[in-house]
S.K.: 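I have a structure here, written as structure tokens, and I will follow up with some questions on it.
Every heavy atom of this structure was used, including side-chain atoms; hydrogens, water molecules and symmetry mates were not. Labels below follow one simple rule: chain letters A, B, ... track the order of the sequence lines, proteins then strands, and each chain is numbered from 1.
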2 protein chains.
Amino acid sequence: MKLATYKDGSRDGQLVVVSRDLTSAHYASGIAHRLQQALDDWNFISPQLQDLSDALNAGRARHAFPFDPAQCMAPLPRAYQWAGGSAYLNHVELVRAARGAEVPERYFTEPLMYQGGSDDFLGPQASIRVASEAFGIDFEAELAVVTGDVPMAATPEQGLEAIRLLMLANDVSLRHLIPDELAKGFGFFHGKPSTAFGPVAVTPDELGDAWAEGRVHLTMQVSWNGRKVAMCDAGPEMRFHFGQLIAHAARTRRLRAGSIIGSGTVSNAGIEKDGRREWPKGYGCIAEKRAMETLQDGAPKTGYMKFGDTVRIEMKGRDGESVFGAIEQEVVESGAGA
Amino acid sequence: MKLATYKDGSRDGQLVVVSRDLTSAHYASGIAHRLQQALDDWNFISPQLQDLSDALNAGRARHAFPFDPAQCMAPLPRAYQWAGGSAYLNHVELVRAARGAEVPERYFTEPLMYQGGSDDFLGPQASIRVASEAFGIDFEAELAVVTGDVPMAATPEQGLEAIRLLMLANDVSLRHLIPDELAKGFGFFHGKPSTAFGPVAVTPDELGDAWAEGRVHLTMQVSWNGRKVAMCDAGPEMRFHFGQLIAHAARTRRLRAGSIIGSGTVSNAGIEKDGRREWPKGYGCIAEKRAMETLQDGAPKTGYMKFGDTVRIEMKGRDGESVFGAIEQEVVESGAGA
């Protein structure tokens, strides 16, 4: 099933069930008002949501209405846990090269993961509000999972079993703030403002065979100012699958229901062509593009996002239909106090 | 007023108002069931809680019952934002010295802060469950504030105005996991498992004159296995006050109601005595004690916590009464899957 959260003036919005083809929706009010409620009591509530989903997909839902992604908040407008992995090693290699940082030794055997902030997520069409273009505004096209309760020291298999929902994410980064911040030794803070999520969260069964071994075997499509910049395969090059990322996050603590774990920027390795390295699948963030330029020609030439720039992130199923709906955001200057 | 969250089998518990002397309590059910609800709508709900608090303190509350801190969850058992500052520079200096890490240059002018996980906080008497003593189990006696909504790029003054509640915290650290983790460049994750909080959260007015310039001018008392190890003054040596910490956290993003910002371990500088450096106020975490030993004698001799060890953290007002109640925790071995 597919679930979304409609704006209603409240902090958590209203849970709606969305049809598989994303054309119609139905309030879940009789079952649960908020997505977190459903996650808190998944075994009891999700079958009821599934029934509504089945009715909606069969055209039998009594109060269905046309689905409008512009009315969506993030599926979880605020969450209790957001941890961003870096499961695509090509991204890690490129971005670290771009900022002149070394790649940690163990990154082939242990996921990189940062603790993110989760109190203020952005909906799929919310503006990316930033005070200054000088911060180096970048998008990051990612997948994320929402978990149930995960015990401390869970195995990757337990991690996989705990996956309730998948989402599309734009893990906005402020690149020029990151090197200084990481130099302080305490990880990301200012460099990772509010993350945006796609309109609907979907249960893994919605992906059919494309969901295999904890990975999504579909293409991540990214457009920047209307120009397609990525058609990256999210499957085989995901070094650590979502069950592994969850197990990593739970190594010394429990994860509670509604925890969101991100994949990191979906990224595919380059190829050698006529003695030159190329990346025909494109780039899921501008930092990668700049790293590619640096590796090719010694210096980056593509700048980061400007005010008014747009980014569009979407993933289509094997049937050619949008799985999550699209993230479509514009960068907007935020005044102080905004 | 003083607020606590009673266990009721649910994830968020039941909001109770607690008397100033911590002897009696009253369910806030008629006003708000959960503390987050009150924070979401503070201007409307807090006056009603204040009325109940006044009645309770005057002995006029109709269904008061004896307050039992053993029944408390963390005031916010799960939160949307937890950011840990390091506002006491003496702690930063000592701990970095202990692990052989350099102190970042800008730490006198800009707070250190890490993004913490907030989905699974511990109540004041909850066991600290850890898989292995080899992780280097440590307590950290801290203060924390709970904010209302804070705009992006808020000033320190706006930060101060946004403070709704103060709490006592034990920011448990797994010291031996931290150096490797920080070497990966993405900050804390495994090294900072669930944080514990004192029984009651209090509004700043409960501190009277001891709340001044965004700092708490009272003594943080810590006992380890029944032995007093800290009587640290939380006031003057807090380099960055809570308004500054909040402004730092909000530099590139909004903070939403219910965000928790920690002070870092309360720590007082040492003195020179007979050519030897001493720290007569003691230590708010074992890492500091080990750093002191290293600076005095070239090597640490105090080990970290063992299974069965206890820690007690409390702060008393100028009237000698406990402000927040005590954190009293035992370290317990967690089996896999616990």
S.K.: Examine whether an atom of B/Arg78 lies under 4.5 Å from a heavy atom of chain A, and if so say whether it belongs to the side chain, the backbone or both; otherwise answer neither.
M.R.: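 For B/Arg78, backbone and side chain are both near chain A.
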S.K.: Name the member of A/Leu112, A/Asp119, A/Leu177 that forms the most heavy-atom pairs with chain B at distances under 4.5 Å.
M.R.: A/Asp119
S.K.: Are the side chain of A/Lys184 and the backbone N or O of B/Pro111 linked by a donor-acceptor pair below 3.5 Å?
M.R.: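 Answer holds: yes.
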S.K.: Quick check, are the ring centers of A/Phe189 and B/Tyr114 under 6.0 angstrom apart?
M.R.: no
S.K.: What part of B/Ser118 gets within 4.5 angstrom of chain A, counting heavy atoms only: side chain, backbone, both, or neither?
M.R.: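 For B/Ser118, backbone and side chain are both near chain A.
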S.K.: Nearest heavy-atom pair of B/Arg129 and A/Met152: which atoms, and what distance?
M.R.: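 Scanning both residues completely, I find the closest heavy atoms to be O-CE, 3.4 Å.
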S.K.: To the nearest 0.5 Å, how far apart are CG in B/Asp40 and CG in A/Asp12?
M.R.: 7.0 Å
S.K.: What part of B/Leu174 is in contact with chain A, defined as an atom under 4.5 angstrom from a non-hydrogen atom: side chain, backbone, both or neither?
M.R.: side chain
S.K.: Would you compute the distance between atom CD of A/Glu181 and atom CE of B/Met113 and round it to the nearest 0.5 angstrom?
M.R.: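 Going from the CD atom of A/Glu181 to the CE atom of B/Met113 covers 11.0 Å.
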S.K.: Report yes or no: is the cationic atom of B/Arg256 (NZ for Lys, CZ for Arg) closer than 6.0 Å to the six-membered ring centre of A/Phe121, at no more than 45° off its axis?
M.R.: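 Because its charged atom misses either the 6.0 Å distance or the 45° angle limit, B/Arg256 does not stack over A/Phe121.
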S.K.: Under 6.0 Å between ring centres: does that hold for A/Phe188 and B/Phe186?
M.R.: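 Close enough - the centres of the two rings lie under 6.0 Å apart.
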S.K.: Quick check for you: among B/Gly84, B/Ser132, B/Ala249, B/Gly191, which has the greatest number of heavy-atom pairs under 4.5 Å with chain A?
M.R.: B/Ala249
S.K.: Without swapping roles, check the side chain of A/Arg254 against the backbone of B/Ser194 for a donor-acceptor pair under 3.5 Å.
M.R.: no
S.K.: Where on B/Tyr107 is there a heavy atom nearer than 4.5 Å to chain A: the side chain, the backbone, both, or neither?
M.R.: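 Nothing of B/Tyr107, per the 4.5 Å heavy-atom cut-off to chain A.
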S.K.: Which pairs with one or both residues in residues 242-251 of chain A pass salt bridge (Lys or Arg N to Asp or Glu O under 4.0 Å), sequence neighbours excluded?
M.R.: none
S.K.: Please determine whether a side-chain nitrogen of the Lys or Arg among A/Asp149 and B/Arg11 lies less than 4.0 Å from a carboxylate oxygen of the Asp or Glu.
M.R.: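 Result for this pair is yes, salt bridge flagged.
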S.K.: Measure distances from B/Ala257 to the heavy atoms of chain A and classify the residue's part below 4.5 Å as side chain, backbone, both or neither.
M.R.: both
S.K.: B/Ser86 versus chain A, heavy atoms under 4.5 Å apart: side chain, backbone, both or neither?
M.R.: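 Answer is side chain: those atoms of B/Ser86 sit under 4.5 Å from chain A.
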S.K.: Do you know which two heavy atoms are closest between B/Pro193 and A/Thr252, and how far apart they sit?
M.R.: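 Distance-wise, the nearest heavy atoms are CB-O, 3.6 Å.
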S.K.: Nearest 0.5 angstrom please: B/Ser10 OG to A/Asp41 CG, how far?
M.R.: 11.5 Å
S.K.: How close do A/Lys192 and B/Arg253 get, heavy atom to heavy atom, and via which atoms?
M.R.: O-NH2, 2.9 Å
S.K.: Under 4.5 Å heavy-atom distance to chain B, tell me which part of A/Leu255 shows up: side chain, backbone, both or neither.
M.R.: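 Interface part for A/Leu255: both.
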S.K.: Is the backbone N or O of A/Ala250 less than 3.5 Å from a side-chain atom of B/His190, with the two atoms forming a donor-acceptor pair by type?
M.R.: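 Side chain of B/His190 to backbone of A/Ala250, a donor-acceptor pair under 3.5 Å: no, none is there.
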